[in-house]
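All values below were derived from every heavy atom in this structure, side-chain atoms included, with hydrogens, water molecules and symmetry-related copies excluded. Letters A, B, ... mirror the listed sequences (proteins, then strands); counts begin at 1.
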Number of protein chains: 2
Amino acid sequence: MNIADQTFPAVDNANEDRAQAIRDQLRDAIVDRRLAPGTKLSEGEVGTLFDVSRTVARAALQMLSFEGLVRTERNRGAFVANPSPEEARQVFASRRLIEPGIAIAAAGRITPADVAAFKAQLEEEGRFIAERGPSARRSEIKASGDFHLLLASVAGNVILQRFMEELVARSSLVIALYGRSGISSCGHNEHLQILQALENGNAERASALMLHHIDHIEADLDLRVRSGPALRQALES
Amino acid sequence: MNIADQTFPAVDNANEDRAQAIRDQLRDAIVDRRLAPGTKLSEGEVGTLFDVSRTVARAALQMLSFEGLVRTERNRGAFVANPSPEEARQVFASRRLIEPGIAIAAAGRITPADVAAFKAQLEEEGRFIAERGPSARRSEIKASGDFHLLLASVAGNVILQRFMEELVARSSLVIALYGRSGISSCGHNEHLQILQALENGNAERASALMLHHIDHIEADLDLRVRSGPALRQALES
DNA sequence: TAAGCAGAAATCGTATGCAATCTTTTCTGC
DNA sequence: GCAGAAAAGATTGCATACGATTTCTGCTTA
């Protein structure tokens, strides 16, 4: 899979930041696995694809590098990140620390409008699970992440919200890389339960459910190191 | 206080990333309050000061903007961040979520070499507290932050470590802005207690002490909004 | 005197050019 | 036929150029 095979919607953003728009599109492509880990993202190609100069493309890649979705090597360029099992564990360890607290904060602030948004979100999530095929599976991973992002926005702490954006994006990548099959419907169920606890104002329960939910997501990964790290590295791109 | 009044050590970094070196120096200057909140950081001036082109200066400013130490406005430029009381509260809320967990992780991984590093660090911290004057006070804020960064590095999660780097930097800015006087020695004492708990392998105690410590730091801030937000904004630069 | 308004100056956003570095191909000697 | 060296090509790092936007300045006018 090469970046040149991708097609991206035109970047319209009349007067907004074009680099940011490109970053968003690339991030979606990475999280969806339309761009495989290890894929080279050359400044020239990205620029050509989005019809901007290398300057702008470079800024977008720098942003992704900050988020950990792209790894850059000096004088060599940018590549889609290929997180190791250890990195994957750290991502989930971070989420275990942060998300139960976010759930508690959200329980104290959730409004009826938020609840409605959650329900719409979960309904969409359910639709993707019903479907089959790799495209639906990608949409499902994305929708599942959106639940957590919505929760973070309800919690009302913009710093944690940004941390969660990074963690969710990296989780999606990790799930695409190391995920087994049957996780999905189970996760959906847990989302429903969490929402119910939030609706009832039961912060403790929401927090505990969230912790279990994260454990379940991680438990459904296969994080065993398959071969020696040397071989792994040699094959990685 | 203008950026042009600052002097910066030469950026020698033979073959490393120059933008990163500039970011580090600017970050230090911001955290130390040698650059006051609201100060304009124009690309041209930064470039001239560090003897690089605007391209490189711009990249450094972009990094600081990601970390929240600098706020950029389109077509207007970059300014040293001027965190509001609400932002300050969110910084500490984030730390309350993350740092107790970091303390627990660190308790399980700390080595004798780490303990020695902590002791050296705390001794230096003590020296700055003994001194008086604004320069010592700045060093003290910095040293206090370094304790938390050292702890994060011992915990062994690079993602959380990066989050903590951002949170500590923003905390230093907040303390410089909203801090009252007498916090210091108290905080130092608490650092010592936390280290002791870590040495004893008492993870729960280290975690609880850390939570209290963060509460104390925040309690020593004056986060009341002084005037209407409109006035505040009007005066901010 | 204060407000309004043009023109100038400064600053930003972006494209492009050149040197340095890395990668790939081709050539040479064994 | 193959290993190593040299050249060609591609890509990045950085500086600079130029149009667009904002800010400053000094003049005019009520």
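Nearest-nucleotide positions on DNA chain D place A:A78 closer to the 5' end than the other of A:A78 and A:T55. When each of B:D51 and A:E43 is assigned the nucleotide of DNA chain D bearing its nearest heavy atom, the one mapping closer to the 5' terminus is A:E43.
With sequence neighbours left out, B:S65 forms a side-chain contact (heavy atoms from CB on, under 4.5 Å) with B:V70, B:T72. Residues meeting the side-chain contact (heavy atoms from CB on, under 4.5 Å) test with A:A57, sequence neighbours left out: A:V46. Here B:E43 pairs with B:R54, B:R58, B:L61 under the side-chain contact (heavy atoms from CB on, under 4.5 Å) rule; sequence neighbours left out.
For A:R54 and C:dG17, the CZ to C1' distance is 10 Å, given to the nearest whole Å. In this structure, B:R58 places its CZ atom 7 Å from P of C:dT14, rounding to the nearest Å. Atom pair B:R18:CZ and C:dA20:P shows a separation of 13 Å (rounding to whole Å applied). Straight-line distance from the NZ atom of A:K40 to the P atom of C:dC22: 12 Å, rounded to whole Å. As a whole-Å value, the separation of B:L41 CG from C:dT11 C1' is 14 Å. At whole-Å resolution of the value, CD in A:E45 and P in D:dT11 are 7 Å apart.
As judged by a 4.0 angstrom heavy-atom cut-off over every strand, B:S42 is placed among residues touching the sugar-phosphate backbone only.
Salt bridge A:E67/A:R170: absent, no basic N to carboxylate O contact under 4.0 Å. Salt bridge annotation for B:R162-A:E166: present, with a cationic side-chain nitrogen under 4.0 angstrom from a carboxylate oxygen. With respect to A:R71 and A:E73, a salt bridge is recorded, a charged nitrogen being found less than 4.0 Å from a carboxylate O.
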When you compare the protein's N or O atoms with those of nucleotides 20-24 of chain D, which come within less than 3.5 Å of each other, and at what distance?
unit_1: D:dT23; atom_1: OP1; unit_2: B:R76; atom_2: NH1; d: 2.1

Below 3.5 Å, can you tabulate the donor-acceptor pairs from side chains in residues 89-97 of chain B to any protein atom, sequence neighbours excluded?
unit_1: B:R89; atom_1: NH1; unit_2: B:E86; atom_2: OE1; d: 3.4
unit_1: B:R89; atom_1: NH2; unit_2: B:L223; atom_2: O; d: 3.3
unit_1: B:Q90; atom_1: OE1; unit_2: A:V158; atom_2: N; d: 3.0
unit_1: B:Q90; atom_1: NE2; unit_2: A:G156; atom_2: O; d: 3.0
unit_1: B:Q90; atom_1: NE2; unit_2: B:E86; atom_2: OE2; d: 3.0
unit_1: B:S94; atom_1: OG; unit_2: A:N157; atom_2: ND2; d: 3.4
unit_1: B:S94; atom_1: OG; unit_2: B:Q90; atom_2: O; d: 2.8
unit_1: B:R95; atom_1: NE; unit_2: B:E99; atom_2: OE2; d: 2.6
unit_1: B:R95; atom_1: NH1; unit_2: B:S171; atom_2: OG; d: 2.8
unit_1: B:R95; atom_1: NH2; unit_2: B:E99; atom_2: OE2; d: 2.7
unit_1: B:R95; atom_1: NH2; unit_2: B:H148; atom_2: ND1; d: 3.1
unit_1: B:R96; atom_1: NH1; unit_2: B:D215; atom_2: OD1; d: 3.1
unit_1: B:R96; atom_1: NH1; unit_2: B:E218; atom_2: OE1; d: 2.7
unit_1: B:R96; atom_1: NH2; unit_2: B:E218; atom_2: OE1; d: 3.1

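For the pair A:F128/A:R137, no side-chain contact is recorded, criterion being any heavy-atom separation below 4.5 Å from C-beta on.
Relative to the axis of its first five pairs, the axis of the last five pairs of the helix from C:dT1-D:dA30 to C:dC30-D:dG1 sits at 10°, rounded to 10 degrees.
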